[in-house]
Amino acid sequence: MGVIGQGLVALLLFAAGGAFYAAGAREQAIADVERALVTLRYDEALAARAAAGDASWLARAAGALGLDAGSLDASLAYWTRDYSTIDAQAEPLLAANAAYHEIRRQGGDWKTVVTRLDEVVKLYGTILRDDPGNAEAAYNFEYTARLRAIIAAARQPMRPAGPEADLITLHGDPGAPPRGTDMKQFKMIVPMQPNERQEAEQAGRAGVRQRKG
């Protein structure tokens, strides 16, 4: 093989290496999105998604990892509360959940809330019609239907959800002391080291008295 042939082979190998490197970087970006979402670091998840590049590359990289690029984008939009960007055709369950949370976030008079909950109930019903075994959709269907009935019977407005509604994560509600609890009345007890316990016992004992005379 001549010098020209060796040069062509080197160029081909260089190009293939560059392509594999770019694909690996995008696959790493997709994995970073997943990890950041699970660990509730949403800003990092958004940054990692931006680093993943355009949709066509994202789809190929996600496919190589056994992931669905559309589902990943929808999950990211849902947990960062960018509800309007979720495609209801591609991700009907997330879209229905997002519609419910948007109702809770905005609140409103009872007629408006009941009408909007009707639409959410229909969304869950459509999901169950296409996938009868979807346990999450079944639970949400019954929950929203009961909530709609309660609001319709009470005819009371729904107050907008407070800031705590935005703290809900994919792991559930974050733990916190009950409202109005004075945490100063609670004392934290830290176990003592063995040598500290021995010193404390000795400190509480009276010394041997010396007899006078």
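- Between the CD atom in Q156 and the CD1 atom in I150 there is a gap of 13.0 Å [rounded to 0.5 Å].
- In this structure, I151 is a member of the same hydrophobic cluster as Y143, with clusters built from ILVMFWY side-chain heavy atoms closer than 4.5 Å.
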Sequence neighbours excluded and cut-off under 3.5 Å, please list the side-chain donor-acceptor pairs for residues 111-118, or say none.
| unit_1 | atom_1 | unit_2 | atom_2 | d |
| --- | --- | --- | --- | --- |
| T112 | OG1 | D109 | OD1 | 3.2 |
| T112 | OG1 | D109 | OD2 | 2.8 |
| T115 | OG1 | K111 | O | 2.9 |
| R116 | NH1 | Q106 | OE1 | 2.9 |
| D118 | OD1 | R148 | NE | 2.4 |
| D118 | OD2 | R148 | NE | 3.4 |

Does the pair Y124 and K122 meet the rule for a side-chain contact (heavy atoms from CB on, under 4.5 Å), with working shown? CA-CA 5 Å; Y124 287 128; K122 291 177 182 178; over 6 Å; no

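- Cluster membership for L147 and L128, using ILVMFWY side-chain heavy atoms within less than 4.5 angstrom, is shared.
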Indicate every side-chain donor-acceptor pair of residues 133-141 with a distance under 3.5 Å to a residue at least two apart or in another chain.
| unit_1 | atom_1 | unit_2 | atom_2 | d |
| --- | --- | --- | --- | --- |
| N134 | OD1 | E136 | N | 3.3 |
| N134 | OD1 | A137 | N | 3.0 |
| E136 | OE2 | N97 | ND2 | 3.4 |
| N140 | ND2 | N97 | OD1 | 3.0 |

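- Looking at every heavy atom in both residues, T85 comes nearest to A77 through OG1-CB, 3.3 Å.
- Of all non-hydrogen atoms in M158 and I103, the two that sit nearest each other are SD-O, 4.1 Å.
- The shortest side-chain heavy-atom distance between R155 and W110 falls under the 4.5 Å cut-off.
- Taken together through direct or relayed side-chain contacts under 4.5 Å among Ile, Leu, Val, Met, Phe, Trp and Tyr, V121 and L93 form part of one hydrophobic cluster.
- Residues satisfying the side chain to side chain donor-acceptor pair (under 3.5 Å) criterion with Y78, sequence neighbours excluded, are H101.
- E102 pairs by the salt bridge (Lys or Arg N to Asp or Glu O under 4.0 Å) definition with R105, not counting sequence neighbours.
- Under the 4.5 Å side-chain heavy-atom criterion for Ile, Leu, Val, Met, Phe, Trp and Tyr, V120 and I127 are members of the same hydrophobic cluster.
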